[in-house]
Amino acid sequence: MSTLAPELHQLINQQINEEMSASYSYLAMSAWFEDTPYGGFAQWMLAQSQEETVHAMKFYHFLVDRGATVKLAALKAPDQAYTSPLEVFETSLKQEQHVTQCIHRLYEAAQEHRDYESKNLLNWFLDEQVEEEKAVQDMIDRLRLVGDNPVGLLQLDQEAGQRKPLAPTGEETA
Ligand SMILES: [Fe+2]
Ligand SMILES: [Fe+2]
């Protein structure tokens, strides 16, 4: 019998879905960029998608380690209709802000149930959300600055492309 409170157990299962949904959404954003000249942004979004899967797996393994059953729910089809790189990153920021709220809700539950191990796990996620929101906000600020200037956009794209995917993507790499 798991020592995890049922409420926390349920919220963590839900958070696995949130992280996988974020991963799926970033993958859709990456696919959108693949149909544009912005290969660097496509790569950035692919790396971000993989990171979100890693987040889901952190919660997954936490449940397993605590002897609590993992329950996976359906994923919704992500949005794939974007009109500009800026719109993609603005959507990404909203998504991250939503996830931050979910982590706060989880943290409150961990506090209520005095679950110190959950709080420890969630502390990592609090830091991670600060980093991710900042990274996306920085990109939004710079995209607003360059506006429709193709030279500026291609420069940001090239910079974004410096970010390498974390794990095998099923694609041959040199
Ligand atoms: Fe995440
Ligand atoms: Fe994230």
Side-chain angles (χ1 to χ4, degrees), residues 4 7-34 38 40-66 68 70-80 82 84-111 115 117-144 156-157 159-169:
L4 201 60
E7 186 196 13
L8 261 177
H9 184 187
Q10 189 255 325
L11 284 173
I12 294 174
N13 265 319
Q14 213 171 295
Q15 195 59 30
I16 294 174
N17 190 269
E18 291 286 352
E19 302 290 346
M20 290 304 291
S21 296
S23 173
Y24 211 29
S25 173
Y26 279 121
L27 190 59
M29 291 173 180
S30 183
W32 184 82
F33 276 120
E34 290 288 2
Y38 307 116
F41 289 136
Q43 187 156 303
W44 194 97
M45 287 293 170
L46 179 61
Q48 190 59 38
S49 170
Q50 291 176 331
E51 264 197 29
E52 299 299 350
T53 304
V54 171
H55 296 171
M57 292 311 293
K58 276 181 187 277
F59 285 115
Y60 176 102
H61 288 299
F62 184 77
L63 287 186
V64 170
D65 291 346
R66 292 290 295 270
V70 171
K71 282 225 169 96
L72 301 178
L75 295 176
K76 272 192 297 183
D79 259 345
Q80 269 190 287
Y82 296 105
S84 68
L86 178 60
E87 192 193 7
V88 178
F89 279 91
E90 282 173 340
T91 305
S92 156
L93 181 62
K94 277 188 211 130
Q95 192 171 283
E96 290 303 335
Q97 287 166 340
H98 167 72
V99 169
T100 299
Q101 283 179 349
C102 294
I103 300 293
H104 289 172
R105 173 77 195 85
L106 265 164
Y107 197 90
E108 281 157 18
Q111 233 160 357
D115 194 311
E117 294 77 8
S118 292
K119 277 175 79 171
N120 197 36
L121 174 74
L122 292 164
N123 278 324
W124 184 89
F125 277 95
L126 289 173
D127 287 344
E128 180 68 10
Q129 285 310 115
V130 171
E131 259 182 49
E132 289 198 352
E133 284 191 32
K134 182 184 188 303
V136 174
Q137 184 65 62
D138 284 352
M139 194 65 87
I140 289 172
D141 292 345
R142 285 185 294 166
L143 282 167
R144 287 198 178 129
L156 287 182
D157 176 69
E159 204 183 300
Q162 303 296 308
R163 185 172 176 189
K164 300 295 174 219
L166 296 171
T169 58

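Side-chain atoms are counted along with the backbone in the values below, which use heavy atoms only and exclude waters and symmetry mates. These numbers come from a predicted model, not from an experiment. In each ligand, atom 1 is the first atom listed, and ligand 1 is the first ligand listed.
Note that CE of Met29 and OH of Tyr82 are 3.5 Å apart. Values are rounded to the nearest 0.5 Å. Between the CD atom of Gln111 and the OH atom of Tyr107 there is a distance of 5.5 Å, given to the nearest 0.5 Å.
With a cut-off of 2.8 Å, the Fe ion (ligand 2) has an N, O or S atom of Glu132 in range. Residue contacts to the Fe ion (ligand 2): Glu51 brings no N, O or S atom closer than 2.8 Å. Here Glu52 reaches the Fe ion (ligand 2): one of its N/O/S atoms is less than 2.8 Å from the metal.
Comment: Lys134 does not engage Glu96 in a salt bridge, judged by the lack of any side-chain N to carboxylate O separation of less than 4.0 angstrom. With salt bridges taken as basic N to acidic carboxylate O contacts below 4.0 Å, none links Lys58 and Glu19. A salt bridge is absent between Arg105 and Glu18: the closest approach of a Lys/Arg side-chain nitrogen to an acidic carboxylate oxygen does not fall below 4.0 angstrom.
Residue Glu19 approaches the Fe ion (ligand 1) most closely through its N/O/S atom OE1. The Fe ion (ligand 1) sits nearest to atom ND1 when only the N, O or S atoms of His55 are considered.
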